[in-house]
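Below, chain A is the first sequence line, B the second, and so on; all start at residue 1.
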Protein chains: 2
Amino acid sequence: MHLGSIVKERRKLFNITQETLAEMSGVGLRTVKQLESGKGNPTIITLEKVADVLGMQLVLQIKSMNQ
Amino acid sequence: MHLGSIVKERRKLFNITQETLAEMSGVGLRTVKQLESGKGNPTIITLEKVADVLGMQLVLQIKSMNQ
DNA sequence: AGCAAAAGTGCACTGTATTGCACTTTTAAA
DNA sequence: TTTAAAAGTGCAATACAGTGCACTTTTGCT
């Protein structure tokens with residue numbers, strides 16, 4: 001499961017639209033759409049802005065841990 | 001602690017140079033240097049390439065977990 | 001089914017990440 | 001302490017991420 005899907009699922013949990021997420025995070029709507037649909041290659045800052053609004057954070061962890 | 005520092009620390013654990021990490025990951029040396037020194041705003045793919053070589057992965061998790 | 005809202009996409013422009021090169025600074029080993 | 005290897009940095013070129021706009025497709029509600 002890629003990062004975009006995780007963002008999308010989490011956003012739906014909050015019952016907000018891509019447009020609202022874009023506004024709240026300060027990221028362009030087009031960028032949010034691309035991120036969620038798995039297109040493109042966002043920068044860390046873009047991903048962090050979006051994740052932050054959704055109460056999530058980007059972390060680097062040792063590989064192959066369950067969940 | 002930012003992502004660059006985590007990469008740097010992890011790399012030192014493996015006793016390899018930035019140059020070796022760059023070669024192994026397929027990322028430019030200049031980019032590795034910027035990443036580790038906290039300059040710039042890498043893309044997910046760049047960070048994933050480097051993390052992969054170091055046996056790490058980028059994950060999105062619910063915020064405010066310990067560690 | 002009908003329809004409005006939400007999501008996905010092609011295009012084009014702007015800004016910036018990636019990169020190599022050449023150089024300086026720092027580190028660590030003899 | 002010397003000094004070679006490793007790390008940090010300014011500059012410039014290229015590739016591509018971020019974005020708005022206009023449009024199509026999908027979703028989900030009545």
Side-chain angles (χ1 to χ4, degrees):
Chain A
M1 191 175 200
H2 66 57
L3 296 173
S5 306
I6 293 173
V7 166
K8 184 169 187 168
E9 212 170 72
R10 181 78 175 169
R11 176 178 57 79
K12 296 217 169 215
L13 217 63
F14 282 78
N15 264 303
I16 59 176
T17 64
Q18 290 179 338
E19 192 167 9
T20 301
L21 178 56
E23 285 164 2
M24 291 178 74
S25 63
V27 169
L29 174 58
R30 190 63 221 267
T31 304
V32 169
K33 286 176 182 299
Q34 278 169 175
L35 167 60
E36 287 197 3
S37 63
K39 311 289 170 60
N41 175 25
T43 63
I44 298 298
I45 290 178
T46 293
L47 190 52
E48 279 177 343
K49 282 180 184 168
V50 171
D52 191 58
V53 168
L54 298 174
M56 305 183 88
Q57 64 189 168
L58 203 54
V59 304
L60 218 41
Q61 67 179 201
I62 307 297
K63 225 185 290 184
S64 77
M65 306 227 52
N66 307 323
Q67 180 77 214
Chain B
M1 191 177 201
H2 66 57
L3 296 174
S5 305
I6 293 174
V7 166
K8 183 169 188 168
E9 213 170 72
R10 181 80 175 167
R11 174 178 59 80
K12 297 220 168 212
L13 215 64
F14 283 78
N15 263 303
I16 59 176
T17 64
Q18 290 179 336
E19 192 166 9
T20 301
L21 178 56
E23 285 163 1
M24 292 179 73
S25 63
V27 169
L29 174 57
R30 188 64 220 267
T31 303
V32 169
K33 286 176 181 300
Q34 277 168 178
L35 167 61
E36 287 196 2
S37 62
K39 311 289 170 61
N41 174 26
T43 64
I44 298 298
I45 290 178
T46 293
L47 191 52
E48 278 177 342
K49 282 180 184 169
V50 171
D52 190 58
V53 168
L54 298 173
M56 305 184 87
Q57 62 189 168
L58 203 55
V59 304
L60 219 41
Q61 65 180 199
I62 307 297
K63 224 184 293 185
S64 78
M65 306 226 50
N66 307 324
Q67 175 97 203

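Closest non-hydrogen pair, B/Q57 versus A/I62, comes out as OE1-O, 4.1 Å. Closest approach of A/V50 to A/V7, counting heavy atoms only: CG1-CG1, 3.8 Å. A pairwise comparison of heavy atoms in B/A22 and B/G28 identifies CB-C, 4.1 Å as the closest pair.
Rounded to whole Å, atom C1' of D/dA4 lies 14 Å from atom CD of B/E19. In this structure, B/F14 atom CZ and D/dA6 atom P are separated by 18 Å, rounded to whole Å. Look at CD on B/E23: it is 14 Å from C1' on C/dG20, rounded to the nearest Å.
Remark: B/T31 pairs with B/V27, B/T46 by the side chain to side chain contact (heavy atoms under 4.5 Å, CB included) rule, at least two apart or across chains. Residues meeting the side chain to side chain donor-acceptor pair (under 3.5 Å) test with B/T20, sequence neighbours left out: B/T17.
Here CG of B/L54 is found 11.5 Å from CD of B/E9. Values are rounded to the nearest 0.5 Å.
Between the side chain of B/N41 and the backbone N or O of A/I45 there is at least one donor-acceptor pair closer than 3.5 Å.
Overall, the helix from C/dA1-D/dT30 to C/dA30-D/dT1 carries an axis bend of 70° between its ends, with five pairs at each end and the value rounded to 10°.
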Base, backbone or nothing for each nucleotide of nucleotides 25-30 of chain C, written B, S, -, heavy atoms under 4.0 angstrom, 5' to 3'?
-> ------
Spell out protein contact along nucleotides 12-22 of chain D as letters: B when the base is contacted, S when just the sugar-phosphate is, - when no protein heavy atom is under 4.0 Å; keep the 5' to 3' order.
-> -----SSBBB-
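Considering A/L35, A/L29, A/I16 in turn, A/I16 is the only one that fulfils the side chain to side chain contact (heavy atoms under 4.5 Å, CB included) rule with A/L21.
The stretch residues 13-32 of chain A participates, sequence neighbours left out, in no salt bridge (charged side-chain N to carboxylate O under 4.0 Å, His left out) pair at all. Listed by first then second residue, pairs satisfying salt bridge (charged side-chain N to carboxylate O under 4.0 Å, His left out) with a partner in residues 32-55 of chain A read A/R11-A/E36, A/D52-B/K63, not counting sequence neighbours.
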Given A/L13 and A/R10, is the side-chain contact (heavy atoms from CB on, under 4.5 Å) satisfied, shown in steps?
-> CA-CA 5 Å; A/L13 217 63; A/R10 181 78 175 169; 4.1 Å; yes
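Look at A/Q18 and you won't find any side-chain N or O under 4.0 angstrom from OP1 or OP2 of C/dA5. Close to D/dT9, at under 4.0 Å from its OP1 or OP2, lies a side-chain N or O of B/K39.
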